[in-house]
Amino acid sequence: MMSRQAFLCGLGSLYLSLLFVFLLMDVYARPANNSALKEKPADSKDENEILPPDHLNGVKMEMDGHLNKEFHQEVFLGKEMEEFEEDSEPRKNRKKLMVIFSKVDIDNDKKISAKEMQRWIMEKTDEHFQEAVEENKMHFRAVDPDGDGHVSWDEYKIKFLASKGFNEKEIAEKIKNNEELKIDEETQEVLDNLKDRWYQADNPPPDMLLNEEEFLSFLHPEHSRGMLKFMVKEIIRDLDQDGDKKLTLSEFISLPVGTVENQQAQDIDDDWVKDRRKEFEEVIDANHDGIVTMEELEEYMDPMNEYNALNEAKQMIAVADENQNHHLELEEILKYSEYFTGSKLMDYARNVHEEF
């Protein structure tokens, strides 16, 4: 008679054999990979280092034509924006805001004028610019491993595909030998758009090589007048429904295409229309003729436009100017802290005078 130990050993062997068979079946049943060159998921950090950012700090409009909802905070707080988090202690945020007020109020008359706010906006915008320049140095090194000071389109393409999970050595070999790359449709579309942008960043005479300054323009179009024009053309192309390369109010406010499924979505749509109508009529359409040209949109998008900064300063003051003296007092800024910092301060007036 078979012993209990022998029976258990036989049962264990049978289990392992069946497990091996199922594993084999699973491997062969899986669909083939879209590309034999794919090896791992993209490292989001690597991808973020070489892809142009979706959001540009201190620029009024996003790349996709949406209004920058954080613009006021970005040009008021500059690099300090991250310090004003929603969950931080209101008392600490209030003290930070008081310090900022004293810095903006350069003549120490206890109120902020439009000119003082304009100077501050330009200063904070420049902070965002310098931050982008410093980040670009690191990003450029990531795509220029040989350190020759130039990056070709093919070099960038290899790094981009590697960030998407493709085998870098195999991609480089295929590009070198002019072999076909098996790339999925979505990735190819992104590559095509990036190549158009690369052409625009390549200063004449074009050689498809970008130096560090040109690469900065590629990542941050707000740093180059030529790339800013390209960005404006892309936005107008996406919004322009009749192909006249201009924007009417109806074209500008009809960006998100979709049906309203419930009251909450309806409210969001109503807010969208309200905000964009106001921006179009009061700010972007400079001559108020009901049409926004490429030139008008370019001026509106230019973060270093001093006239825009003055208009923005006046708008920011108007939002909180409760006593209508065309200046901002400390109490007004504290009361409207959510507008300026994105963080609502509770009991804003408490102990203001003894703390400041």
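Sequential numbering from 1 along the given sequence is applied to the chain's residues.
E116 CD to F101 CZ: the interatomic distance, rounded to the nearest 0.5 Å, is 8.5 Å. Here CG of L219 is found 9.5 Å from CG of L210. Values are rounded to the nearest 0.5 Å.
Looking at D154 and K176, no side-chain N of the basic residue comes within less than 4.0 Å of a carboxylate O on the acidic one, giving no salt bridge. With respect to K137 and E134, a salt bridge is recorded, a charged nitrogen being found less than 4.0 Å from a carboxylate O. Under a 4.0 Å N-O distance rule, the pair K335/E331 does not qualify as a salt bridge. A salt bridge is absent between E80 and K124; no separation between the charged side-chain nitrogens and carboxylate oxygens falls under 4.0 Å. Using a 4.0 Å cut-off between a side-chain N of Lys or Arg and a carboxylate O of Asp or Glu, K246 and E251 do not qualify as a salt bridge. Checked for salt-bridge contact, R237 and E234 meet the test: a charged N lies under 4.0 Å from a carboxylate O. Ionic pairing of E123 and R119 is present here: one or more N-O contacts between side-chain nitrogen and carboxylate oxygen are shorter than 4.0 angstrom. Look at K229 and E298 and you find a salt bridge, because one of the NZ, NE, NH1 or NH2 atoms lies within 4.0 Å of a carboxylate O, short of that distance.
At least one donor-acceptor pair under 3.5 Å links the side chain of E214 to the backbone N or O of N203. Between the side chain of D285 and the backbone N or O of V292, no donor-acceptor pair lies under 3.5 Å. Under a 3.5 Å cut-off, the side chain of D105 and the backbone N or O of K110 do form a donor-acceptor pair. Checking side-chain atoms of N323 against main-chain N and O of N325 turns up a donor-acceptor pair under 3.5 Å.
The aromatic rings of H66 and W272 sit perpendicular to each other, their planes meeting at more than 60°, with 30° as the lower class boundary.
Within the 4.5 Å cutoff, side-chain heavy atoms of L97 are placed close to those of T341. Contact of the V59 side chain with the E74 side chain is not registered, since no non-hydrogen atoms from C-beta on lie closer than 4.5 Å.
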Quiz item: Given I50 and H139, is the side-chain contact (heavy atoms from CB on, under 4.5 Å) satisfied, shown in steps?
Solution: CA-CA 6 Å; I50 63 173; H139 298 164; 5.9 Å; no

Quiz item: N193 and E189: side chain to side chain donor-acceptor pair (under 3.5 Å), yes or no, with the steps?
Solution: CA-CA 6 Å; N193 290 334; E189 185 178 351; 4.7 Å; no

Quiz item: After noting the C-alpha distance and the side-chain angles of K111 and L330, does the key distance pass the side-chain contact (heavy atoms from CB on, under 4.5 Å) rule?
Solution: CA-CA 7 Å; K111 57 182 183 289; L330 176 60; over 6 Å; no

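Side chain to side chain, Y339 and Q73 fail the donor-acceptor criterion of an N or O pair below 3.5 Å. Side-chain polar atoms of E299 and N305 form a donor-acceptor pair below 3.5 angstrom. Side-chain contact, E282 with H288: no donor N or O sits under 3.5 Å from an acceptor N or O. Side-chain polar atoms of Q200 and D196 form no donor-acceptor pair below 3.5 angstrom. Under 3.5 Å, the side chains of E312 and N308 contain no donor-acceptor pair of N or O atoms. In this model, a donor atom of one side chain and an acceptor atom of the other lie less than 3.5 Å apart for Q241 and S254.
Within the structure, the ring pair (Phe, Tyr, Trp, His ring centres under 6.0 Å) test picks out the following pairs touching residues 175-205 (sequence neighbours left out): W153-W198, Y156-W198, W198-F218.
Under the ring pair (Phe, Tyr, Trp, His ring centres under 6.0 Å) rule, F340 has a single partner from W120, F71, F76, which is F76.
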